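In what follows, a structure is listed as structure tokens, so that the remarks can point back to it.
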Amino acid sequence: MADFSLPRDTYYLGFDSSTQSLKATVLDSNLKIVLSELIRFDSDLPRYKTEDGVYRDPSGNGRIVSPTLMWVEALDLMLHRLSQSELDLGKIAAVSGSAQQHGSVYWKIGSSQRLSSLDPKKSLLDQLQNAFSTKKSPVWMDCSTTEECRKIEEAFGGAIELAQLTGSRAYERCTGPQIMKIYNTQPEVYSNTERISLVSSFMASLLIGAYAAIDHSDGSGMNLMDIRTKEWSKLALEAVAPNLESKLGELAPAFAVAGNIAPYFVERYHFNKNCLVINWSGDNPNSVAGLTLNVPGDVAISLGTSDTVFMIAKDPNPRLEGPILPSPVDPEDYMVMLVYKNGSLAREEIRNRFAEKSWVTFNKFLQRTPPLNGGKLGFYYKDHEILPPLPVGFHRYVIENFTGDTLDGLTEHEVQEFDAPSEVRAIIEGQFLSMKAHTERFGIPSPQRIIATGGASVNDSILSSIASIFGCDVYTVERPGTDSASLGAALRAAHGFVCREKGSFIPISNLYTHKLKETSLSCKLSVKAGDEKLVSQYGLFMKKRIELENRLINKFGRV
Ligand code: ADP
Ligand code: XUL
């Protein structure tokens, strides 16, 4: 068997430019984590005055954007911090990254020139102040493009037709509808733009000092790419805006080299001039890499700003439920995904309102309340939800006399509030009942095991509810708190490096299969599966939840 070990004394750097933070993880040549770093946008870059890394339009129209320059400044700040660490940045052989999906950046005409001639004595921020035709980047939380979504679906003859080609029906956060909105409402921004990047390809562009390609995995979150041929769909491009293809540039595999690191970083932070930048990709695809998700029956649940459920699929068969994306590590594979907007921020809201702003109290309440919550079911939408498409609002129901054995003859009534501990249990149980119901509806077989990741995966009380509801063991990454997206990006940096060295694609698992346990990539059992009786009782609770959810959709649903 070929030798896929990485050269000794080399390092691989992975970033994750997410909604709330920029993270970095560095792996050594044995794929062990040697360094992690975090910049929180709200607190480390307070002058942007973001809340959770974003600006929400106060009129409630669903517009949610982030300041593009904040991401630029965060990169310089992160590299400054890394350069102050023990790590010799000159030994980094390759860099890659992960970013929140769907967000878009609009480079002003002439910026390519600016990007390729950065002065290492000045900050990126100083030099890129005027590089964007709009300084506000729409992000994945935005849901102000319902009208545009409808038009794109119409151009394809329907939602399912669009999904079959691009991997998903038109979702408000997808970049195609977002670009269309900019073209329709700010035509001067569109015409002043020479390149549109995703957050992922934008960050890669900064690192190579030139426009980087959009990779196939993150590119499929745009409603613009044919997920089978991995080329732009002419029909979709034409439906969105004129001359779009030239503004989007090329598509490329996630494991391909974007370029060498730009002289700016060599001179300012002492990177080696041969350091490769591997294409960046979306955060969910990077987590597929970071969690080494390739075993059939493994399902990942990511509990970050968004909550997502994803797994590897061999056959792309998109339906209306959730997107399908090409895998970032294997050109033959795909990943299927469900996305919830109300993840950690909604849990924080309940924690702050009912649990003394403390995860310790939150967990105490969770442990103090019985499974099935005495029949209390809650729906908590702090922001407009994606799955199901419901507006902001909290809805609470009590099923009278529910013991979990039957729903026959039982009725429910709506209430304004629960007692504080029940609120906590209701938001946790509600979310995982919804995940179980929607994964079943998606045709995802019952998981053999769940791998949990994202900020809330450090919380064992939350993981216990997942184990009880899904009835399977829950694993987490070996080192608590490891960010699987930046870990995946660091691993992909190593993967891209090896593919370049060997001159062809090599399965990523060849980098670690024989030594997974010795790397930082292995997962550990965190919580054992719940007992079978409880799993079946939760099955009934789930049925009731879906019935109530359908009722809410009929009353308030956007689509
Ligand atoms: P993202 O990458 O999307 O920015 P993260 O994966 O870093 O988000 O997750 C951040 C979230 O993790 C925070 O919003 C916070 O609510 C949540 N979190 C952190 N610690 C805990 C905990 N002990 N219990 C539950 N949630 C937690
Ligand atoms: C995926 C999605 C979110 C973001 C969060 O479609 O919108 O999970 O990627 O960063």
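As the structure is a prediction and not an experimental result, all values here were calculated from the model. Every heavy atom of this structure was used, including side-chain atoms; hydrogens, water molecules and symmetry mates were not.
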Exercise for review: Mind checking side chain to side chain contact (heavy atoms under 4.5 Å, CB included) for Val398 and listing every partner two or more places apart, or none if nothing turns up?
Suggested key: Lys376, His413, Val415, Phe418
Working to the nearest 0.5 Å, report the span between [atom1] of [X] and [atom2] of [Y].
X: Met180; Y: Lys151; atom1: CE; atom2: NZ; value: 5.5 Å
X: Glu153; Y: Glu148; atom1: CD; atom2: CD; value: 12.0 Å
X: Ser21; Y: Phe41; atom1: OG; atom2: CZ; value: 6.0 Å
X: Tyr538; Y: Leu433; atom1: OH; atom2: CG; value: 7.0 Å
X: Ile64; Y: Glu172; atom1: CD1; atom2: CD; value: 11.5 Å
X: Ile466; Y: Leu303; atom1: CD1; atom2: CG; value: 5.0 Å

Is there a donor-acceptor pair under 3.5 Å between the side chain of [X] and the backbone N or O of [Y]?
X: Asn286; Y: Gly97; value: yes
X: Arg396; Y: Gln416; value: yes
X: Ser217; Y: Pro326; value: yes
X: Asn352; Y: Lys357; value: no
X: Thr68; Y: Lys135; value: yes
X: Ser344; Y: Gly304; value: yes
X: Tyr340; Y: Ser434; value: yes
X: Arg425; Y: Thr369; value: yes
X: Asn192; Y: Lys108; value: no
X: Gln178; Y: Thr145; value: no

Heavy-atom pair with the smallest gap, counting every atom of [X] and [Y]:
X: Ile444; Y: Val336; value: CD1-CG2, 3.9 Å
X: Leu22; Y: Ala74; value: CD2-O, 3.4 Å
X: Ser220; Y: Met225; value: CB-CE, 3.9 Å
X: Leu372; Y: Gly404; value: CD1-CA, 4.1 Å
X: Asp42; Y: Asp52; value: OD2-N, 2.6 Å
X: Ala155; Y: Leu235; value: O-CD2, 3.9 Å

Under 4.0 Å between a Lys/Arg side-chain N and an Asp/Glu carboxylate O for [X] and [Y]?
X: Glu414; Y: Arg551; value: no
X: Glu356; Y: Lys364; value: no
X: Lys23; Y: Asp483; value: yes
X: Glu349; Y: Arg353; value: yes
X: Asp142; Y: Arg173; value: no

Just so I know, are the side chains of [X] and [Y] near enough to count as touching, which here means a heavy-atom distance under 4.5 Å?
X: Glu154; Y: Phe156; result: no
X: Leu206; Y: Trp71; result: no
X: Asp383; Y: Asn342; result: yes
X: Ser168; Y: Cys174; result: yes
X: Leu165; Y: Glu161; result: no
X: Phe15; Y: Leu75; result: yes
X: Val424; Y: Ile350; result: yes

Study note, to complete from the structure: Sequence neighbours excluded, the answer for ring pair (Phe, Tyr, Trp, His ring centres under 6.0 Å) partners of Trp359 is Phe362
**Study point:** Working for side chain to side chain donor-acceptor pair (under 3.5 Å), residues Asp283 and Ser18
**Key:** CA-CA 7 Å; Asp283 47 8; Ser18 72; over 6 Å; no
Review point. Has Lys247 got its NZ or CZ under 6.0 Å from the middle of the six-membered ring of Tyr190, at an angle within 45 degrees of the ring axis?
Key: yes
Check your understanding: Any cation-pi pair here, Arg63 with Tyr55, using under 6.0 Å and within 45°?
Key -> no
Exercise for review: Evaluate the criterion side-chain contact (heavy atoms from CB on, under 4.5 Å) for residue pair Leu407 and Phe402; output intermediate values, then yes/no.
Suggested key: CA-CA 7 Å; Leu407 287 171; Phe402 181 65; 3.7 Å; yes
Check your understanding: Is atom CD of Glu440 surrounded by more than 12 heavy atoms (other residues, nucleotides or ligands) closer than 6.0 Å?
Key -> yes
With a 3.5 Å cut-off and no angle check, do the side chains of [X] and [Y] form a donor-acceptor pair?
X: Asp16; Y: Ser486; value: no
X: Gln100; Y: Thr19; value: no
X: Asn61; Y: Ser144; value: no
X: Ser133; Y: Thr193; value: yes
X: Thr476; Y: Ser526; value: yes

Study note, to complete from the structure: side-chain hydrogen bond (donor to acceptor under 3.5 Å, both in side chains) test vs Tyr380 passes for just one of His395, Glu423, Glu385, namely Glu423
**Study point:** Chi angles and distances behind the side-chain contact (heavy atoms from CB on, under 4.5 Å) call for Phe365, Ile428
**Key:** CA-CA 11 Å; Phe365 284 175; Ile428 293 300; over 6 Å; no
**Study point:** Ser233/Asp226 under side chain to side chain donor-acceptor pair (under 3.5 Å): CA gap, chis, key distance, verdict
**Key:** CA-CA 6 Å; Ser233 151; Asp226 179 331; over 6 Å; no
**Study point:** Pairs meeting criterion side chain to side chain donor-acceptor pair (under 3.5 Å) with involvement of residues 195-204, two or more places apart
**Key:** Trp107-Ser197, Ser200-Asp218
Check your understanding: Does Phe202 have its ring centroid less than 6.0 Å away from the ring centroid of Phe132?
Key -> yes
Check your understanding: Run the side-chain contact (heavy atoms from CB on, under 4.5 Å) check on Ile227 and Leu325 step by step: do they pass?
Key -> CA-CA 7 Å; Ile227 56 163; Leu325 300 72; over 6 Å; no
Practice item. Decide yes or no on side-chain contact (heavy atoms from CB on, under 4.5 Å) for Ile546 and Arg441, but give the supporting numbers first. Key: CA-CA 11 Å; Ile546 290 301; Arg441 203 184 267 186; 3.5 Å; yes
**Study point:** salt bridge (Lys or Arg N to Asp or Glu O under 4.0 Å) evaluation trace for Arg347 with Asp307
**Key:** CA-CA 11 Å; Arg347 284 186 287 275; Asp307 282 353; 2.8 Å; yes
